[in-house]
Amino acid sequence: MPWLSTLMGVSVLGALGVTLVRNDKLAKQFTLVVSLIVLALTVAMAVQFSPNGDKFQFAETYDWIPAFGVHYGVAVDGIALVLILLSVILVPIVVLASWHDAEAGKRSVRTYFSLLLVLEAMMIGVFAATDVFLFYVFFEAMLIPMYFMIGSYGGAQRSYAAVKFLLYSLFGGLLMLVAVIALYSIAGKGTFMFTDLVGTIQDVTTQKWLFLGFFVAFAIKAPLWPFHTWLPDAAAQAPAGAAVLLVGVLDKVGTYGMLRFCLELFPDAAKFFTPLVITLSVIGIVYGAIVAIGQTDMKRLIAYTSVSHFGFIAMGVFAMTTNAGSGATLYMVNHGFSTGALFLVAGFLIYRRGSQFISDYGGVQKVAPILAGTFLVAGLSSLSLPGLSTFVSEFMVLIGTYERYLVPAVIATTGVILAAIYILWMYQRTMNGPTAESVKALPDLNAREKFVVAPLIALLLVFGFYPKPLLDVINPAVKDTLSSVSVTDPKPAVPVAQEGK
Amino acid sequence: MEPAEIIQHSGGAIGAAWLMIALPLVGAAILLLGGRRTDKIGHLLGVLMAVASFAVAALSFVQLLGFAPGERRRGIELYDFVPGLAKVGLLVDPLSISFCLLITGVGSLIHIYSIGYMAHDPNRRRFFAYLNLFVAAMLLLVLADNYVALFVGWEGVGLASYLLIGFWQHKPSAATAAKKAFIVNRVGDFGLLIGLFTIFATFHTLAFNDVFANADKASSGTLTAIGLLLLVGACGKSAQLPLQSWLLDAMEGPTPVSALIHAATMVTAGVYLIVRSGPIYQGAETAQLVVTIVGVATLLAGAIIGTAKDDIKKALAGSTMSQIGYMVLAAGIGPAGYAFAIAHLITHGFFKADMFLGAGSVMHAMNDEVDMRKYGALRKVMPVTFATFAIGYLAIIGFPLLSGYFTKDGIIETVMEHNAVLGWLAVLGAGITGFYMSRLVFMTFFGAKRWEPTAHPHESPAVMTWPLIILSIGAIGLGAFLVLGNRFMTFLAPAVGAPEEMPSFHPFSLTGLATLALVAVGAVFAWFRYGAAEVPAVAPRGSFLTTFARRDLYGDALNEALFMRPGQWLTRLAVFFDNRGVDGLVNGLAAGIGGTSGRLRRIQTGFVRSYALSIFLGAAVLAGAWLVVGNL
Amino acid sequence: MTTHYLVLSALLFAIGGVGVLVRRNAIVVFMCVELMLNACNLAFVTFARQNGNLDGQLIAFFVMIVAAAEVVIGLAIIVTIFRTRRSASVDDVSLLKY
Amino acid sequence: MGESITFWVLAVVSVIAALGLVFSRRAVYSALMLGVVMLSLAVLYAVQDAPFLAAVQIIVYTGAVMMLFLFVLMLVGVDSSDSLVETIRGQRFWAVVGGLGFAVLLALGIGNAVVGSPKGLTAAAEGGNVSSLAQLIFTRHVFAFEVTSALLITAALGAMVLAHRERTEAKPTQRDLSRQRFAAFGRTGKNPAPLPGPGTYARHNAIDMPALLPDGTISPLSVNRYIARYEESKGILPPEVADVLEQEEAAQRTAAQANGHGGHSTPTVAEEARDGGPDTEPLPEGTEQDTVVAGRVVRPRGESAATEEDGK
């Protein structure tokens with residue numbers, strides 16, 4: 001059963017179908033149904049995935065451009081499956097959340113929701129692609145729907161933000177294109193299939209150049225420190241739903257790319273550049289957090305927190321220990337849920353009052369307790385409170401990095417304190433204290449909004465206490481990746497008798 | 001004597017130990033998610049859950065007593081939390097069970113007390129939910145069999161204290177205090193986290209059993225580092241010296257919160273951590289020394305702050321800080337001090353909770369007035385509160401035969417044997433404690449009436465006084481019960497080990513008499529200053545020392561100057577740099593390209609002749625180039 | 001002897017070039033272009049003789065044909081421009097610019 | 001030896017002519033200068049064993065192309081002279097620099113590219129220059145030849161299309177013209193018939209001989225006022241002509257008083273000279289703008305008569 005193609009097919013057909021539906025309400029319901037179908041199919045696929053089976057499962061490979069050896073190659077390993085699950089869970093939630101977000105946009109509501117479904121198809125495609133060329137195509141194609149969602153439905157400076165986002169990612173994409181072509185030609189295998197290309201580049205200097213080509217594109221996509229300035233603008237101007245997908249899934253393609261392509265295709269270069277990447281990510285963590293503290297606009301603040309979180313993920317990927325690797329992958333999933341919840345609740349708040357500035361709020365807790373409660377839980381997950389899923393991944397990333405790189409791990413752990421500051425300070429300024437005049441008549445969450453936030457918080461709690469099912473899928477995949485990078489975990493100083501830790 | 005081996009266990013009350021955590025957790029969930037419907041039964045459900053978990057704790061205690069002392073450490077396997085990193089399990093041994101009894105016991109009493117105290121509060125349901133959440137988290141902390149679960153409980157407790165301190169969050173001061181408490185705790189947790197990572201890096205495991213079994217194999221340098229990092233965590237949670245500023249602000253929360261969290265249970269978590277990680281500290285002499293120094297320093301600082309505070313709750317908070325300083329001091333000495341530290345912790349739990357609740361009922365009566373200068377002569381009006389408060393007062397200053405006398409003097413004696421300087425500082429601390437506790441009691445219950453015109457105090461209802469009475473009974477007898485005949489030390493021995501020869505308690509030792517004398521002097525001096533003399537309604541301008549004490553030894557000012565001010569400055573700089581620097585670079589690049597294209601545009605002048613000229617010159621250059629190339 | 005011819009042709013070519021650039025009257029510009037073409041023809045003929053092969057002259061012949069065609073079209077254009085703009089100055093026709 | 005003399009003479013002549021072409025103010029002079037250059041080049045071709053080319057140069061190039069220039073020059077306006085002020089900044093300076101540079105470069109470049117004495121065309125063109133050229137064209141370069149013919153046809157068509165102006169309304173017929181003449185007579189009393197030609201007799205056919213009416217008297221209309229005025233100023237006006245002019249002026253003065261100086265019914269001598277003037281008279285020197293040539297008013301700026309007529 002060609003699972004992955006059906007998934008993408010359903011969402012694309014859904015997207016076309018939505019454009020044909022005349023009245024808006026029906027269009028939204030149709031989109032919701034399609035996204036739920038895709039979710040159900042993915043879950044069915046995930047159930048059949050055997051964690052300890054061979055690396056790539058549900059593989060489908062057809063010739064696309066035989067002349068260049070370009071295949072429509074899709075398959076899923078542990079990491080990709082988990083990320084596809086994340087995106088497929090987020091989309092129906094986003095559809096439900098942006099029920100009224102699309103009215104104010106330049107284009108029609110139907111276009112917004114069809115763009116959403118197209119984006120979903122591409123998200124699945126980008127994670128499932130095992131052909132480097134196909135991956136690149138999806139990597140670039142993803143930008144278009146997101147560009148239109150920001151450009152036509154965003155806030156005040158939406159066009160500036162959309163263009164900046166597009167140009168930034170395209171610039172990265174072009175570098176990657178050069179690297180992809182160079183890889184194809186140097187490898188000389190006449191094929192773009194990832195499995196064939198692994199380990200073909202021996203000479204270290206070429207590896208370094210190709211690594212840089214890929215890495216800069218991924219560093220822009222998952223904003224590492226110097227390339228991050230597009231994210232706050234894009235996330236702040238995008239409608240809440242689009243911002244969730246942008247930060248929750250699109251940016252993960254960057255870190256996923258690092259883990260999959262940078263590490264496996266160019267192991268020696270990866271080892272050579274690790275100190276650089278670790279420094280960039282540590283700067284990102286501390287810098288992102290500090291700038292987040294100083295923000296006045298809520299969505300920009302959340303965007304900067306994501307810059308800090310991506311610093312953690314990148315550090316986890318390049319620390320190259322099993323704990324850090326699987327921690328980073330888990331972090332990608334958890335960050336999707338936690339920042340998704342934070343963005344959506346902030347989106348509800350902004351939708352009610354209309355202004356994104358923190359100073360326009362105050363004492364909402366008294367007026368809308370449920371909204372404040374969910375906002376607090378989402379915030380706590382963002383500052384990775386134990387008992388919520390982000391703690392598990394952050395803990396694994398830090399403990400994994402500590403094994404190999406002591407000082408960066410310690411500096412990164414200060415991120416934990418800064419996270420507490422920016423979240424609680426934002427929460428205090430918006431929710432606590434005397435109720436501001438402007439917020440007196442703020443309605444609490446309605447049924448639809450509760451349905452949006454409830455699953456996310458439930459997921460955060462469940463994976464906070466019992467992350468085993470996710471980790472069982474991720475660990476073998478990460479072990480494979482690291483073994484292909486021929487890297488072993490450092491030995492403990494005191495070997496404990498029995499390994500049953 | 002080395003701690004005993006952990007035996008895997010199943011069945012019986014201990015087997016159901018996880019119920020202790022689950023019950024309050026379920027209670028909290030029901031109350032939080034229940035919404036309006038659970039308002040009526042909210043508080044009863046909360047109390048029920050607390051009492052039920054107390055019952056389970058008591059049953060497992062009885063079952064534990066049934067076993068021979070050697071195999072009293074029972075481990076319960078729960079589930080694999082993070083494959084390859086941490087298996088979650090519970091460890092029921094004398095140390096954790098005594099904590100559980102303290103938490104659930106005092107916790108239940110405080111739950112009952114808060115029914116009365118929070119009777120007229122609209123969000124009472126949410127209050128009980130948070131209390132249950134706190135009890136669950138604290139139990140997880142003490143029952144955990146590895147450091148990860150301990151850390152989950154550790155931060156859970158921090159969250160609960162954040163929620164409870166900021167319970168009346170419409171008050172900006174409460175909100176800021178809650179945020180401050182959480183962030184300072186987070187700083188402590190930062191240290192604890194790094195400690196955990198070091199443990200994992202050295203032992204590749206975080207389970208207590210494995211870590212402590214191989215503790216001696218690790219190098220003393222790593223052990224010292226781990227010890228110090230754990231100490232940072234402990235300081236954060238137990239408000240020891242470097243990270244103590246949040247405790248006094250935490251008094252913004254309702255009084256039962258202060259009683260439960262900031263007197264009896266949460267603040268003692270640090271001591272629990274140090275005692276539990278005994279084997280690590282044994283391998284690190286310097287770490288133990290630092291612990292004792294921190295203990296003594298906080299002991300004195302707390303006492304000095306206690307003397308200058310007019311707010312009754314802040315004074316009690318100062319005294320809590322100093323009493324915990326005693327426990328940390330005792331824990332820092334090693335196995336000899338563990339038993340006394342935990343004994344003092346339990347007795348302190350009782351009489352400090354008793355006094356806090358007493359203060360709560362005084363505030364309740366004086367419609368939430370906290371300034372002691374507005375009290376005076378309340379002993380006749382509130383006899384029961386006065387009686388229970390007096391018992392607590394006598395216990396804390398170490399009045400002979402009361403529980404404080406046995407445990408606190410026990411600590412002072414073991415410290416004296418260990419290190420004379422620390423011993424005498426402890427004795428001095430006891431003296432100051434005598435002074436400020438007497439000052440507190442005399443200002444509140446004795447002297448002339450300095451009430452506000454609107455205040456007409458009355459005795460609190462039965463639901464509040466009964467927990468006071470029970471706690472005061474504990475304050476009287478518990479100390480003797482635990483210390484006499486080293487009963488508690490032998491009970492704890494399998495869990496934390498014990499010194500070779502048991503100390504024998506002889507009342508009339510030199511240090512004992514010296515402490516009694518100093519305490520007496522403090523009390524008499526307090527009588528003359530506050531009991532007999534006229535207490536001014538407005539705080540007089542104090543000498544340099546008093547303002548120093550009033551400003552919490554400038555702890556807050558220090559934090560502000562060192563961290564807060566530069567932090568804000570750094571944030572503004574970072575935001576400016578981000579907007580101008582990195583973003584400026586990007587936009588500058590775009591503007592640059594725009595500018596150059598604007599200028600290049602001018603070349604197209606529209607005149608045919610200028611184009612002809614450029615062609616002509618081009619041709620000339622080309623010809624020249626051919627010429628040059630041709631001749632090369 | 002040949003170099004003399006070539007220098008002459010270069011000279012005439014350069015004068016033609018300068019004429020094209022300096023004069024504003026369209027027709028005179030045209031004439032200067034013709035002059036440049038003639039200079040080239042001279043060079044071609046000289047080279048034909050120098051290298052002893054008739055191709056030079058043939059090329060010169062073809063140059064003349066092309067020059068004729070070019071003049072016809074050029075002048076037609078000048079006339080149309082003149083008809084609309086009442087002036088034959090090259091600088092007046094400068095609307096197509098930045 | 002003769003060749004170098006011819007070369008030096010013609011070289012100097014052609015260079016001066018070229019400079020004249022570039023720097024003369026009047027366009028016509030430039031055209032003539034170009035003619036000189038072409039002719040001197042033709043001679044140079046001839047000197048350089050290229051008789052066919054010399055001929056073609058003279059016949060085709062100078063004869064046809066130069067004349068085309070002159071023709072367009074006439075059309076566009078002979079006296080349009082350029083002002084020497086340079087409008088584009090730095091154009092003149094760079095043009096000169098470019099020119100000098102080019103001249104030096106080409107001279108140097110091509111100069112030292114040619115080594116040794118010329119091989120001469122005797123071998124290549126043994127059957128006569130033209131026949132060998134023709135052989136060359138029609139064997140190896142026939143394709144190029146055909147293409148150039150296509151080119152020429154297209155050029156001709158192009159010129160036609162570009163220069164052609166669509167007539168917007170019908171061509172005025174003879175009937176329209178006569179109707180216009182009598183309308184003018186009705187309105188201004190202008191004589192509808194063409195003015196009588198000058199007197200043409202056995203021995204005298206000069207312009208200043210007045211024509212005789214059937215009754216033998218002199219026709220006042222045939223007297224050319226300008227010549228009359230000239231002869232009168234010179235005092236050589238024949239008496240009978242003077243009398244006729246006197247009578248006519250007297251008649252006009254009385255007619256003017258009669259209708260109170262309304263419109264002047266019959267034009268006076270000056271007006272007659274300005275408006276009409278006998279048809280066949282050649283263009284007098286310095287006349288007013290509107291000179292009538294063969295019944296069509298030709299404005300100096302070359303506005304074609306058709307529009308003039310339509311305009312009236």
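Residue numbering restarts at 1 for every chain, and letters A, B, ... go by the order of the sequence lines.
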Under 4.5 Å heavy-atom distance to chain D, tell me which part of [X] shows up: side chain, backbone, both or neither.
X: C:Glu34; answer: both
X: C:Thr46; answer: both
X: C:Asp91; answer: side chain
X: C:Leu12; answer: side chain
X: C:Val66; answer: both
X: C:Ile73; answer: both

Per-residue contact mode, [X] against chain C (heavy atom under 4.5 angstrom):
X: D:Gln91; value: side chain
X: D:Leu34; value: side chain
X: D:Trp94; value: neither

Could you check whether the rings of C:Phe62 and D:His141 sit parallel, tilted or perpendicular, using 30° and 60° as the cut-offs? perpendicular

Anything under 30° is parallel, anything over 60° is perpendicular, the rest tilted; go ahead and classify C:Phe13 against D:Phe102.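 Tilted.
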
Given side chain to side chain contact (heavy atoms under 4.5 Å, CB included), test D:Arg92 with C:Leu21 step by step and report yes or no. CA-CA 7 Å; D:Arg92 181 156 294 178; C:Leu21 299 178; over 6 Å; no

Would you indicate whether the side-chain heavy atoms of C:Leu35 and D:Val37 approach each other to under 4.5 Å? yes

D:Val72 and C:Phe30, any side-chain heavy atoms less than 4.5 Å apart: no

For side chain to side chain donor-acceptor pair (under 3.5 Å), just list the numbers for D:Asn129 and C:Gln57, CA-CA rounded to whole Å, side-chain angles, deciding distance to a tenth of an Å, and then say yes or no. CA-CA 10 Å; D:Asn129 180 276; C:Gln57 294 189 7; 3.2 Å; yes

